[in-house]
**Student:** 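Okay, handing you the structure first.
Just so it is clear, the structure is predicted and the values come from calculations on it, not from any experiment.
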Amino acid sequence: MYGSRDAALFLARLILGFIFVMHGWQKLHTNGISNVEKGFDAMGIPAPGIAAQYSTWVEFLGGIFLIIGLLLPIVSLLLILNMLGAIWYAHWDSGFWNSDGGYELPLALIAGLLAVGLSHAGRAAADHYITRRRGARAD
């Protein structure tokens with residue numbers, strides 16, 4: 001039972017992490033943060049420079065942390081906040097469907113982040129070994 005759960009959690013983290021790394025990479029290297037900031041400003045996002053930096057780095061580094069399973073509850077929360085901002089400012093007015101620019105994808109990402117961030121990390125996560133080591137010290 002634990003082996004299949006660990007594998008499923010790892011695959012979920014790997015897929016989510018890859019998606020976020022690619023979006024962060026796109027902001028860094030394809031679009032450039034200055035263009036992301038301009039786009040955020042055009043959408044009416046408050047403090048677009050700070051928001052562009054936050055979004056870029058939380059997606060890129062958060063994706064890496066998801067893949068290795070490090071600080072999962074914190075990283076998941078930061079990414080969920082990012083996705084809520086994306087839904088509110090970029091997708092809400094387009095409705096639900098992703099094909100129409102809607103909030104379907106960020107909502108699905110939030111569901112995955114909730115599952116990964118609130119569940120036991122699994123043996124294929126750095127958090128598992130950190131928690132285990134802390135538990136051993138407490139004994």
**Student:** With a 4.5 Å heavy-atom cut-off, do I19 and H23 have their side chains touching?
**Tutor:** yes
**Student:** Going only through I, L, V, M, F, W and Y residues with side-chain contacts under 4.5 Å, is there a path from L109 to W88?
**Tutor:** no
**Student:** Please tell me whether F65 and I130 are part of a single hydrophobic cluster in this structure, the criterion being side-chain heavy atoms less than 4.5 Å apart.
**Tutor:** yes
**Student:** Holding to ring-ring contact (aromatic ring centres under 6.0 Å, His included), I want the full list of residues that pass it with W25, two or more places apart in sequence or in another chain.
**Tutor:** H29
**Student:** Kindly work out whether a path of hydrophobic side-chain contacts (I/L/V/M/F/W/Y, heavy atoms less than 4.5 Å apart) joins M43 to I87.
**Tutor:** no
**Student:** Does any N or O in the side chain of H91 come within less than 3.5 Å of the main-chain N or O of P106, such that one atom is a donor and the other an acceptor?
**Tutor:** no
**Student:** Taking atom CZ of F18 as the centre, does the number of heavy atoms from other residues, nucleotides or ligands within less than 6.0 Å exceed 12?
**Tutor:** no
**Student:** Of all heavy-atom pairs between V75 and L70, which one has the smallest distance, and what is that distance?
**Tutor:** CG2-O, 3.7 Å
**Student:** At their closest point, which heavy atom of S119 faces which heavy atom of A115, and how far apart are they?
**Tutor:** OG-O, 2.8 Å
**Student:** If I take atom CG from residue L79 and atom CG from residue L66, how far apart are they, to the nearest 0.5 angstrom?
**Tutor:** 5.5 Å
**Student:** Please check this pair: side chain of D6 against backbone of R123, looking for a donor-acceptor N/O pair closer than 3.5 Å.
**Tutor:** yes
**Student:** List the atom of G117, the atom of S76, and the distance in Å for their closest heavy-atom pair.
**Tutor:** CA-OG, 3.2 Å
**Student:** Roughly how far apart are Q26 CD and L28 CG, rounded to 0.5 Å?
**Tutor:** 10.5 Å
**Student:** Please lay out, stage by stage, how E37 and F40 fare under the test side chain to side chain contact (heavy atoms under 4.5 Å, CB included).
**Tutor:** CA-CA 5 Å; E37 180 181 347; F40 282 9; 5.7 Å; no
**Student:** For R13 and L72, indicate whether the former's side chain and the latter's backbone hold a donor-acceptor pair under 3.5 Å.
**Tutor:** no
**Student:** Taking L114 as the starting point, is it possible to reach V116 by hopping between hydrophobic residues whose side chains are less than 4.5 Å apart?
**Tutor:** yes
**Student:** Give, for atom CD1 of I110 and atom CG of L16, the distance between the pair rounded to the nearest 0.5 Å.
**Tutor:** 11.5 Å
**Student:** Could you state the interatomic distance from CG (L105) to OG (S99), rounded to the nearest 0.5 Å?
**Tutor:** 12.0 Å
**Student:** Got a second to check how far M83's CE is from L113's CG, nearest 0.5 Å?
**Tutor:** 8.0 Å
**Student:** Can you tell me how far apart CH2 (W97) and OH (Y103) are? Round to the nearest 0.5 Å.
**Tutor:** 10.0 Å
**Student:** Quick one: does any side-chain atom of D127 pair with a main-chain N or O of L71 as donor and acceptor, under 3.5 Å?
**Tutor:** yes
**Student:** Would you mind writing out the side-chain donor-acceptor pairs for residues 45-63 within the sub-3.5 Å range, not counting sequence neighbours?
**Tutor:**
{"unit_1": "Q53", "atom_1": "OE1", "unit_2": "W57", "atom_2": "NE1", "d": "3.1"}
{"unit_1": "Y54", "atom_1": "OH", "unit_2": "L78", "atom_2": "O", "d": "2.8"}
{"unit_1": "S55", "atom_1": "OG", "unit_2": "E59", "atom_2": "OE2", "d": "3.2"}
{"unit_1": "S55", "atom_1": "OG", "unit_2": "N82", "atom_2": "OD1", "d": "3.4"}
{"unit_1": "T56", "atom_1": "OG1", "unit_2": "A52", "atom_2": "O", "d": "2.7"}
{"unit_1": "E59", "atom_1": "OE1", "unit_2": "K27", "atom_2": "NZ", "d": "2.9"}
{"unit_1": "E59", "atom_1": "OE2", "unit_2": "K27", "atom_2": "NZ", "d": "3.4"}
{"unit_1": "E59", "atom_1": "OE2", "unit_2": "N82", "atom_2": "ND2", "d": "2.8"}

**Student:** Counting C-beta onward and ignoring hydrogens, is there a side-chain heavy-atom pair between I64 and F20 closer than 4.5 Å?
**Tutor:** no
**Student:** Treat each ILVMFWY residue as a node, draw an edge where side-chain heavy atoms are under 4.5 Å apart, and state whether L9 and L77 are in one component.
**Tutor:** no
**Student:** Do side-chain atoms of N35 reach the backbone of N31 as a donor and acceptor pair under 3.5 angstrom?
**Tutor:** yes
